[in-house]
Amino acid sequence: LHHRGEVVELVFDLYGFLMDGLAHKVLWGTKGESGTRRCASCINYYAAESAVVADDAGGLVGSTNDWRTLEPATDLSVRASVARVAEAFRACDTETFKVWSQAIGFNHLPYGILNQPACDDLVKPVAQKLIDPSHTLVIGGVVNTVWFLYFDTLSKAGVPIYQAYRGFMSHWSWPHDLAGKRLKDIFSVERVRRWRDARTLKCHAAELMQIIPLLRFYVSQYGVQPGGACVDEGFVVLALMDVYEAVHMRRGDECTHDELMDRVREFLDQCVAVWVDQ
């Protein structure tokens, strides 16, 4: 930079990569949901049949139900995976390579950033991986799936939960800037039908984020009363709401990393105990 006749040099350290799903595929080469190894951040997390949703279409699967058994990946282990894919690409026929690539969880990108030796000391695919929490929580994420499981469990227990929420939402007084967005229609009959077909809440992230406080309030007031229906499931969704709240608190440094992780682990343990172990 030129400043008052002087040249000022600014030097930056690369902090991280903030990417959506497509960027992970074109930059790192991850296969995502099309791979057997679903998570590039874990060495031993593989796709398996879901014990919760029998006809899972790819959203709720995993080789383990216990977070304690997960083995985190490292920058070196990811690069080793990428190297194995490259070796298989050179040594195998097309069909054999397809199996290798699916199992390892990476595509072969000969000109990809992880295949450039000059970037080995600069690019760190694990340490520099940043994730927008919205993509894991409310954009076809954990919140969508767990809330659907809760609604579905209540519905199968004979509780007219969708009608109850539809009435609750229709009587809510919305702020003026949201009044025209017809948030009450989220629980319309047509919407609920699409949820049941997809086995998850199908709605825009902005819509879900607007109604989350109401969902939480409703469950805390009516869903976890002693003697009520599906009380354990109600506590699971409240634990998830604690996670959701902590993520937003982290942005303002109102919640530490350890506090957030404690809430995540508590939610996971409750979720497995209610919907898997039973």
Side-chain angles (χ1 to χ4, degrees), residues 1 9-35 37-43 45 47 58-60 62 67 70-83 85 101 104-146 200-201 203-210 212 240-265 267-268:
L1 300 177
E9 293 185 356
L10 301 180
V11 180
F12 296 89
D13 287 329
L14 178 59
Y15 182 75
F17 295 82
L18 181 61
M19 304 178 286
D20 61 9
L22 178 59
H24 278 95
K25 292 183 178 182
V26 300
L27 195 63
W28 295 150
T30 57
K31 293 190 74 69
E33 292 185 358
S34 63
R37 176 184 172 188
R38 288 295 180 82
C39 180
S41 298
C42 294
I43 292 176
Y45 185 84
L60 192 64
W67 56 267
L70 294 176
E71 183 178 349
T74 66
D75 297 316
L76 289 177
S77 70
V78 169
R79 289 191 175 279
S81 296
V82 172
V85 171
S101 178
I104 297 175
F106 285 87
N107 293 308
H108 178 53
L109 303 180
Y111 301 104
I113 195 170
L114 296 183
N115 278 306
Q116 305 304 314
C119 295
D120 285 357
D121 295 330
L122 177 65
V123 177
K124 302 172 183 178
V126 173
Q128 294 170 339
K129 180 181 179 181
L130 305 177
I131 297 177
D132 176 5
S134 297
H135 280 78
T136 56
L137 289 174
V138 295
I139 302 177
V142 178
V143 173
N144 306 66
T145 297
V146 171
T200 187
L201 265 63
C203 60
H204 295 297
E207 292 177 328
L208 186 55
M209 293 169 69
Q210 294 294 345
I212 277 177
L240 174 58
M241 293 298 94
D242 286 342
V243 174
Y244 179 82
E245 178 185 68
V247 168
H248 289 278
M249 291 170 65
R250 281 284 293 153
R251 292 170 174 171
D253 292 329
E254 302 172 66
C255 177
T256 67
H257 175 270
D258 289 341
E259 290 171 341
L260 170 60
M261 292 308 299
D262 285 343
R263 296 191 188 192
V264 170
R265 291 161 183 151
F267 158 68
L268 290 174

Interatomic distance, NZ@Lys124 vs OG1@Thr74, rounded to 0.5 Å, equals 12.0 Å
Point-to-point distance, once rounded to the nearest 0.5 Å, from NE2 of His108 to CG of Leu114: 12.0 Å
Correct closest heavy-atom pair for Val146 and Phe267 would be CG2-CZ, 3.8 Å
Taking it one step at a time, do Glu245 and Arg263 satisfy side chain to side chain contact (heavy atoms under 4.5 Å, CB included)? CA-CA 10 Å; Glu245 178 185 68; Arg263 296 191 188 192; 3.2 Å; yes
Is it the case that atom NZ in Lys129 sees more than 12 heavy atoms from other parts of the structure closer than 6.0 Å? yes
Compare every heavy atom of Ile43 with every heavy atom of Arg37, then report the nearest pair and how far apart it is. NH2-CA, 4.2 Å
Taking all heavy atoms of Leu109 and all of Leu27, pick out the closest pair and write down the distance. CD1-O, 4.3 Å
With a 3.5 Å distance limit and no angle check, can you tell me whether Thr30 reaches the backbone of Phe106 through a side-chain donor-acceptor pair? no
Would you please test Arg79 and Val123 for side chain to side chain contact (heavy atoms under 4.5 Å, CB included) and show each step? CA-CA 10 Å; Arg79 289 191 175 279; Val123 177; 3.9 Å; yes
Output yes when a side-chain donor or acceptor of Ser81 lies under 3.5 Å from a complementary backbone atom of Ile104, and no otherwise. no
Give a yes or no answer on whether the side chain of Thr145 reaches the backbone of Val142 with a donor-acceptor pair at less than 3.5 Å. no
Minimum heavy-atom separation for Leu260 to Ala246, with atom names? CD1-CB, 3.6 Å
Answer yes or no: does atom NE2 of His248 have more than 12 heavy-atom neighbours from other residues, nucleotides or ligands under 6.0 Å? yes
First locate atom CG of Leu18, then atom CG of Asp132, and finally report the distance between them rounded to the nearest 0.5 Å. 6.0 Å
Could you report the tightest heavy-atom contact between Met209 and Tyr244, atom names first, then the distance? CG-OH, 3.4 Å
Pro110 side chain reached by Asn115 side chain, heavy atoms, under 4.5 Å: no
Is the backbone of Arg250 close enough, under 3.5 Å, to the side chain of Glu254 for a donor and an acceptor to pair up by distance? no
Between atom CD of Glu9 and atom CG of Leu1, what is the distance when rounded to the nearest 0.5 Å? 9.5 Å
Any side-chain to backbone donor/acceptor pair from Asn107 onto Lys31? Under 3.5 Å, distance only. no
With rounding to the nearest 0.5 angstrom, report the CG to CD1 distance, Leu137 to Ile212. 8.0 Å
Any idea which heavy atoms bring Val78 and Ala73 closest together, and the distance? CG2-CB, 4.2 Å
Gap separating the CD atom of Gln128 from the CE atom of Met19, nearest 0.5 angstrom: 10.0 Å
